[in-house]
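Reviewing the structure listed below.
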Amino acid sequence: MAQPESVPPLPRIAAMPQTTKPDAVKVPPKSADLPAVIPAQPKRAKPAAPQSYEALDRATRAALARMTGGVSPYALLESWTDWAVHLSRAPGRQLALAEHARDNALKLGAYALRALTEDGPAPAPFKPKAYDHRFMHPSWEKLPYALWQQSFLATQDWWDMATGHIRGLRPDNADRAQFIARQTLDLFSPSNFPWLNPQIMEETLKQNGRNIVEGSEHFFEDLMHTLTQEHPDQPEGYRVGEDLAATPGKVVMRNEICELIQYAPETETVKSEPVLIVPAWIMKYYILDLSAHNSMVRYLVEQGFTVFMISWRNPTAEMAELSLDDYRRMGVMAALDAVSAIVPDTKVHANGYCLGGTLLAIAAATMARDGDDRLASITLMAAQTDFAEAGELLLFTDESQVAFIEDLMWDQGYLDRPQMTRTFATMRAEDLIYSRAVARYFLGRPDMPSDLGVWNNDTTRMPSRMHSEYLRGLFLENRLTAGRYAVEGRVIALKDIKAPMFVVGTETDHIAPWRSVYKAKLFTDGDFRFCLVKGGHNGGIVSEPGHPRKHYRLGHREPGALYMDPDTWLEQHEPTPGSWWIAWANWLAEHSGGEGPPPALGAEGYAPLADAPGDYVSET
């Protein structure tokens with residue numbers, strides 16, 4: 001049946017089952033009774049507050065969440081108090097910190113003395129972190145700026161030690177206390193103040209203050225965008241559908257949640273098995289179809305693959321009740337049904353990126369449980385299946401924080417764009433917030449347009465119910481690898497997946513740390529290749545052939561082989577120069593069954609609806 005060209009309003013989906021009443025007898029649920037994501041059960045049942053009062057409480061917390069950017073004040077206070085109390089009863093640690101402060105002061109004094117008495121810059125005792133580029137300007141090596149810089153780095157070094165782990169202190173609270181200290185220090189970095197930053201002073205003298213005037217214009221421009229929540233205009237040469245997301249193709253399926261794009265072939269023959277890509281819904285899909293030179297989609301098509309891409313809809317408040325399982329059913333499975341109809345009687349190479357990879361893993365495990373063997377292979381790119389070591393995002397994930405975000409989404413119907421972007425930006429505030437602010441507001445430099453930058457600004461929302469289930473079921477309770485994640489009433493297991501897997505981690509990923517991504521090997525038994533690539537969460541995945549200074553490591557685990565821990569794996573696998581795309585395309589070809597003529601664009605019931613990139617990618 002042909003897909004509708006217009007999308008009717010989405011019906012509201014029934015709410016998730018509530019916990020049992022306090023006076024009810026609690027019977028452990030059978031596996032067949034488990035919902036897709038089980039709400040957390042309190043240790044001791046307490047009488048529920050009247051609904052009217054509960055609504056008042058949630059509305060109050062939602063208003064507070066808007067003021068704090070979605071960060072729970074209680075979670076921060078709890079972490080800071082936990083750290084302070086444990087430090088107060090650790091006299092040995094206090095002595096060590098006093099000695100460390102003394103040593104840092106002596107290093108600073110010796111450095112200042114050498115800088116005053118010797119010709120040329122003195123060796124600096126403290127170095128910025130690898131990702132901190134605030135002190136790159138050569139004038140930071142001259143007095144008095146060098147002393148201010150070294151004082152700041154010495155203070156940062158001391159606080160790193162002070163907020164380290166203490167016996168009895170919860171590790172997540174220690175990490176959060178260190179995060180708070182780092183954020184506070186970053187605010188008072190000398191690089192942020194014009195009269196302490198030599199680069200700003202030099203530029204102001206050189207331009208007679210013109211940079212400050214232009215920086216003020218940039219500030220008010222950004223302020224208006226923040227207040228109105230308007231997307232910035234796409235710069236010339238970086239327009240979606242013309243310069244970005246421009247690989248030719250057709251939208252062959254559209255429903256309430258996504259569109260499916262089938263890309264036109266560019267070779268006379270194609271591999272028998274098509275490729276279905278499941279991107280993350282937190283951002284637009286075209287991170288994988290940027291400019292012509294760095295588009296993964298275009299590269300695959302040029303290698304003779306028939307490529308399909310899911311383009312997620314940008315949800316509104318009316319879609320608040322969409323569940324995580326709705327994304328599986330109406331997204332991954334609906335797209336797979338369409339691909340199977342367009343390219344019949346063949347299996348499909350499935351690829352999932354970030355959250356899309358996690359969803360694909362859930363879908364693949366469900367298919368394996370139900371005897372659905374349509375997947376020829378599974379590729380997971382920077383996608384986590386176990387969340388016990390999920391990196392700095394865990395700093396924002398505990399019961400208080402999740403409840404706080406849930407109240408905010410309850411009021412809005414979704415998690416809004418700025419609330420997500422602020423979270424990611426604070427993880428690397430040195431570069432993503434302060435370095436950019438200095439360059440834009442004090443040096444008067446406009447943001448240089450780039451395809452990745454345009455994509456990064458093209459943010460989306462996330463439905464309230466789906467995001468709550470994702471945070472609780474995966475991040476907070478880690479149910480997928482604990483054997484407690486149920487789909488359609490029955491628990492699934494990653495070890496049931498028999499299709500060969502190609503899992504990609506990126507070396508400097510702070511969103512999906514590679515050691516966490518690597519743990520997919522711990523919970524699967526089949527043919528498994530792990531590829532560790534140079535770069536971060538986005539830059540490592542977008543790694544086109546010919547890009548300078550790129551490398552990757554690739555390892556193969558035979559079915560049934562013993563587990564190898566990530567550090568041992570790293571020691572035993574040397575880097576290979578070049579793009580991992582080439583190794584992956586060769587692997588896909590090895591798991592393909594020959595070549596034939598390209599399939600038609602669309603099929604009966606999946607007639608082309610529009611040209612790529614479709615309509616949903618343009619929704620703001």
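Side chains are part of it too, since the values below use all heavy atoms of this structure and drop only hydrogens, waters and symmetry mates.
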Under 3.5 Å, is there a donor on one side chain and an acceptor on the other for [X] and [Y]?
X      : Y      : value
Glu78  : Ser400 : no
Asp175 : His165 : yes
Asp565 : Tyr518 : no
Asn314 : Thr460 : no
Ser468 : Glu406 : yes
Ser516 : Glu389 : no
Asp458 : Tyr286 : yes

**Prompt:** Who passes ring pair (Phe, Tyr, Trp, His ring centres under 6.0 Å) against His573, sequence neighbours left out?
**Reply:**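 Once residues adjacent in sequence are excluded, the partners of His573 under the ring pair (Phe, Tyr, Trp, His ring centres under 6.0 Å) criterion are Trp569.
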**Request:** Start with the C-alpha gap between Thr379 and Asn351, add the side-chain angles, then the distance that decides, and say whether side chain to side chain donor-acceptor pair (under 3.5 Å) holds.
**Result:** CA-CA 4 Å; Thr379 298; Asn351 176 313; 4.6 Å; no
**Request:** Count the heavy atoms belonging to other residues, nucleotides or ligands that lie under 6.0 Å from OH of Tyr563, then report whether that count exceeds 12.
**Result:**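 It does: Tyr563 OH has more than 12 such atoms within range.
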**Message:** Is it the case that atom CZ in Phe193 sees more than 12 heavy atoms from other parts of the structure closer than 6.0 Å?
**Reply:**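 Yes.
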**Message:** Would you say the rings of Trp83 and Trp80 are close, in the sense that their centroids are separated by under 6.0 Å?
**Reply:**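 Here the rings of Trp83 and Trp80 have centres that are less than 6.0 Å from each other.
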**Request:** Could you name each residue pair satisfying side-chain hydrogen bond (donor to acceptor under 3.5 Å, both in side chains) that touches residues 102-116, not counting sequence neighbours?
**Result:**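 Output for this query lists Asn104-Asp157.
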**Worked check of side chain to side chain donor-acceptor pair (under 3.5 Å) between Asn197 and Ser191** = CA-CA 5 Å; Asn197 188 323; Ser191 60; 5.1 Å; no
**Request:** May I have the step-by-step check of side chain to side chain donor-acceptor pair (under 3.5 Å) for Tyr353 and Asn538, ending in yes or no?
**Result:** CA-CA 10 Å; Tyr353 177 40; Asn538 299 319; 2.7 Å; yes
Name the orientation class of the two ring planes belonging to [X] and [Y] (parallel below 30°, tilted from 30 to 60°, perpendicular beyond 60°).
X      : Y      : value
Tyr470 : His467 : parallel
Phe475 : Phe387 : tilted
Phe530 : Trp514 : tilted

**Derivation of the ring-ring contact (aromatic ring centres under 6.0 Å, His included) call for Phe442 and His218** = CA-CA 10 Å; Phe442 292 132; His218 295 157; over 10 Å; no
**Asked** Would Glu203 and His137 count as a side chain to side chain donor-acceptor pair (under 3.5 Å) if you check the C-alpha gap in whole Å, the side-chain angles of each, and the deciding distance to 0.1 Å?
**Response** CA-CA 12 Å; Glu203 197 69 22; His137 195 271; over 6 Å; no
